[in-house]
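Here's the structure, in structure tokens; my notes come after.
Order of appearance sets the numbers: ligands from 1, and atoms from 1 within every ligand. Please read these numbers as outputs of a predicted model, since none were measured by experiment.
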Amino acid sequence: MPKTVSVRPEHLADRHRPMASLAGLLREWLPRQRWFAGKDRPVTDLSVLSSTELFPGCLHLLVHTGQTGVLTPAGIPSAGDCYQLLLGVREEPEPGLERAFIGQVREGSLAGFAVYDALHDTRSAELLLERLRRPGGAGPLCFEADPDTHVPGGLTPRLLDAEQSNSSLVYGDAYILKVFRRIQPGVNPDLEVPGALAAQGCTRVPAPVAWFRTTEPWPATLGVLQPFLPDADDGWTLALRALATGDDFTTQAHELGQATADIHLALAKAFGSGVHDGTGLTAEAMTARLEAAAHCVPALRSFVPGLRTAFGALTTCDAGPPAQRIHGDLHLGQVLRAGREWFVIDFEGEPSRPLAERRVAQSPVRDIAGMLRSFDYAARQRRPWRPEWARRCREAFCAGYAVRAGWDPRTKHALLRAHETDRAVYEVLYEARHRPDWLPVPMAAIERLAIWGG
Ligand SMILES: Nc1ncnc2c1ncn2[C@@H]1O[C@H](COP(=O)(O)OP(=O)(O)O)[C@@H](O)[C@H]1O
Ligand SMILES: [Mg+2]
């Protein structure tokens with residue numbers, strides 16, 4: 001039996017105490033985590049926002065991290081981020097948990113203890129599921145569940161090894177728990193939206209069956225449990241496979257267009273539709289993002305005049321479909337195919353944007369543009385590039401969308417161009433910062449969009 005330890009009360013006399021022990025370890029460990037947003041800069045400020053002993057030997061922390069020199073997407077200095085950590089605390093290092101090991105504490109009240117990322121630890125993951133199965137509180141944390149769903153106990157957990165911005169645990173291939181890492185105040189759309197869609201009878205999303213949230217330092221969603229689709233492949237994997245084998249992908253793209261329209265129709269029914277309030281998606285906002293990106297990426301500069309005309313269309317062309325809640329970060333990695341059906345997951349929206357902005361009504365064309373960009377990314381994974389593959393998928397996707405939605409995205413080409421341009425500008429900035437080898441991929445789109453007259 002592994003030795004676990006209760007870390008209260010002498011170890012955690014007040015909520016700031018854990019940092020006296022953990023700050024050094026976490027400063028090293030956090031920037032190495034895939035889900036940590038500011039990897040390229042050292043953590044200069046680290047403080048505890050909330051600390052709860054979830055069960056003996058497992059400490060739930062919300063920590064604030066500050067990094068000098070980090071800018072928000074709007075180009076202003078970042079006020080820092082809040083991250084959720086579940087730490088296993090043991091008297092001695094545990095064989096078999098090397099991957100989860102954060103370090104041995106050298107100072108403070110936890111000196112001598114071994115600290116782990118508890119999500120890697122089977123025993124802690126099992127206890128977390130038990131906590132979700134029994135609604136109730138733990139300090140500022142609150143565990144809730146859909147009263148109509150019975151989640152069985154004893155399911156074996158495994159931590160998903162996907163390229164993720166959060167951490168997900170799969171339980172017995174029956175459920176998946178997404179533990180949000182970067183926490184913002186408010187309801188996370190990844191809980192709110194699938195719940196609302198399921199209530200509309202939409203079967204294209206796995207609906208939440210249990211979730212947990214906090215009231216401290218402010219109300220926020222922390223994690224969501226939903227059914228796991230065991231035999232599903234994500235759209236990105238399927239697209240690359242089709243590209244590698246030369247198989248047709250237009251049938252899948254057509255069905256994906258239909259699925260996207262179904263989601264949009266259900267979202268409009270659940271949340272209503274109307275006029276966009278302008279947040280973040282006006283021609284001015286997009287132009288400002290373009291100019292900020294061109295400031296950082298010289299290769300973009302000569303295209304700025306051509307791209308600016310794309311955003312002009314937002315004010316001069318017909319308004320397009322009414323604004324409504326959308327997915328917000330739709331691409332091939334956010335759709336799963338099980339059998340012959342497409343399912344849509346990950347309704348968080350663009351994680352770099354504030355939650356409030358992600359929850360406003362926006363043009364559904366934004367999601368369509370996201371998927372079209374994703375076909376282009378897939379087609380440019382390997383040389384020789386296959387832009388004609390992306391073009392065929394794009395046609396098929398739009399045609400499929402039109403079948404269900406009653407309007408064809410291709411008839412809104414000026415709007416589509418504006419949203420694709422905004423997305424490609426974001427990609428250029430991302431690639432320039434994180435994967436310079438990939439910069440030619442969005443730059444090829446930039447070139448097309450700058451001269452594409454609409
Ligand atoms: N309900 C599900 N069934 C099967 N696999 C899932 C499910 N939800 C998520 N996944 C898998 O987990 C991966 C990451 O999930 P996602 O919600 O997109 O998290 P993130 O916000 O970290 O991107 C997906 O790409 C998919 O492979
Ligand atoms: Mg995702």
Quiz item: Does R123 come within less than 4.0 Å of E126, counting only side-chain N to carboxylate O?
Solution: yes
Quiz item: So, does R204 use its side chain to make a donor-acceptor pair with the main chain of F343 at under 3.5 Å?
Solution: no
Self-check item: Ionic contact status for R289 with D422, cut-off 4.0 Å
Solution: yes
Exercise. Please confirm whether I345 comes within less than 3.5 Å of ligand 1 when only nitrogen or oxygen atoms on both sides are compared.
Key: no
Practice problem: Kindly confirm or rule out an N or O of Q226 lying under 3.5 angstrom from an N or O of ligand 1. | Solution: yes
Exercise. Indicate, with yes or no, if the rings of F228 and Y175 have centres closer together than 6.0 Å.
Key: no
Exercise. Identify, by name, the N, O or S atom of D346 lying closest to the Mg ion (ligand 2).
Key: OD2
Quiz item: Are S167 and ligand 1 in contact, using a heavy-atom cut-off of under 4.0 Å?
Solution: no
Exercise. Tell me, please: is A232 in heavy-atom contact with ligand 1, that is, under 4.0 Å?
Key: no
Quiz prompt | Test: D121 and R99 ion pair at under 4.0 Å | solution = no
Quiz item: Taking distance alone, with no angle check, do N166 and ligand 1 share an N/O pair under 3.5 Å?
Solution: yes
Quiz item: For I176, is at least one N or O under 3.5 Å away from an N or O on ligand 1?
Solution: no
Exercise. With heavy atoms only and a cut-off of under 4.0 Å, state how P206 meets ligand 1: side chain, backbone, both or neither.
Key: side chain
Quiz prompt | Heavy-atom nearest option to atom 20 (P) of ligand 1, drawn from D346, V224, D233 | solution = D346
Quiz prompt | contact_flag S168 ligand 1 heavy-atom lt 4.0 Å | solution = no
Quiz item: Numbering the atoms of ligand 1 from 1, which are under 4.0 Å from a heavy atom of S165?
Solution: 20 (P), 21 (O), 22 (O), 23 (O)
Self-check item: Residue-ligand contact L336/ligand 1, heavy atom below 4.0 Å
Solution: yes
Quiz item: Taking only heavy atoms of E348, which atoms of ligand 1 are found under 4.0 Å from at least one of them?
Solution: 21 (O)
Exercise. Inspect the contact between D329 and R358 and indicate whether a charged nitrogen and a carboxylate oxygen are less than 4.0 angstrom apart.
Key: no
Quiz prompt | Y377-H331 aromatic ring centre distance below 6.0 Å | solution = no
